[in-house]
Asks: 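Here's a structure for you.
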Amino acid sequence: MSVLSIKILLFLIVSVGIFTVFKAIKLLRNAFNGDVLLALPYHDSVGSFTVSKSGVYSIWHKGPVFKKTPLAQFRPHISSTTTGKEIKLNPSILSPRSNNFATGRMEFFTFRAEVGHYELKLVSGSSTSRLQAIVGNAIPLADIDLSLYSIEVKESQSQIITILAIPLLLLGILGIVGSLVLWLLAEQFFV
């Protein structure tokens with residue numbers, strides 16, 4: 001195989017790597033940038049939203065950063081307004097976070113919903129694990145102002161897709177960098 005053929009092959013691998021990186025970044029962005037179906041302040045205990053297409057949705061906590069949060073005081077419950085059936089909430093595996101140094105967002109539940117109308121209620125209970133509650137209570141912070149915090153229901157994607165996007169991104173970067181290095185050194189390696 002000639003050096004020119006190897007360089008063409010490596011160029012094709014770079015192109016595939018660039019495509020893979022863009023696709024992985026798009027998948028990771030989808031974990032954070034879904035449409036907001038409901039923004040419910042904590043001081044309002046009930047809100048309703050409509051799901052227009054079946055899929056995976058997530059519940060995000062939004063509030064100021066570096067302050068104690070009301071996650072240990074309230075737990076969301078979602079039920080269908082037409083059937084009254086309660087929707088099973090799954091704790092977020094990755095728990096993606098996003099902030100702008102003043103306001104932070106954290107995904108803490110995901111759920112699958114069919115097309116229909118739903119009602120979210122904030123009931124007393126904890127949305128955190130026991131370990132998180134113990135650590136949160138051990139830190140001496142000021143009392144919680146519920147007017148600063150809210151719950152958001154957003155469109156999301158399966159957490160498995162988000163988990164798979166991370167190695168896909170790394171594989172694409174490895175393909176780009178490795179192929180460029182081999183392309184530059186092709187004359188030394190493939191003579």
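These figures come from a predicted structure and were not determined experimentally. By convention here, the first residue in the shown sequence is residue 1.
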Asks: Judged by modelled atom types alone, do Glu114 and Ser54 share a side-chain donor-acceptor pair under 3.5 Å?
Replies: yes
Asks: With a 4.5 Å heavy-atom cut-off, do Val177 and Ile173 have their side chains touching?
Replies: yes
Asks: Quick one, Val153 and Phe111 - any side-chain contact, counting heavy atoms below 4.5 Å?
Replies: yes
Asks: Examine distances only and state if a side-chain atom of Gln157 and a backbone atom of Leu27 form a donor-acceptor pair shorter than 3.5 Å.
Replies: yes
Asks: Can you tell me how far the OG1 atom of Thr20 sits from the CD1 atom of Ile25, to the nearest 0.5 Å?
Replies: 11.0 Å
Asks: To the nearest 0.5 Å, tell me how far Ser179 OG sits from Leu9 CG.
Replies: 8.0 Å
Asks: Contact between Leu40 and Phe49 at the side-chain level, heavy atoms closer than 4.5 Å - yes or no?
Replies: no
Asks: Are Leu37 and Phe32 co-members of a hydrophobic cluster defined by side-chain heavy atoms under 4.5 Å apart?
Replies: no
Asks: Which distance, rounded to the nearest 0.5 Å, do you find between the NZ of Lys62 and the OG1 of Thr103?
Replies: 6.5 Å
Asks: Within the 4.5 Å heavy-atom criterion, are Ile59 and Leu120 side-chain neighbours or not?
Replies: yes
Asks: How long is the span from the CG atom in Leu174 to the CD1 atom in Ile13, to the nearest 0.5 Å?
Replies: 10.5 Å
Asks: Can you name the nearest heavy-atom pair linking Gly63 to Tyr149, along with the distance?
Replies: CA-CD2, 3.6 Å
Asks: If you count heavy atoms of other groups shown closer than 6.0 angstrom to NE2 of His117, is the number above 12?
Replies: no
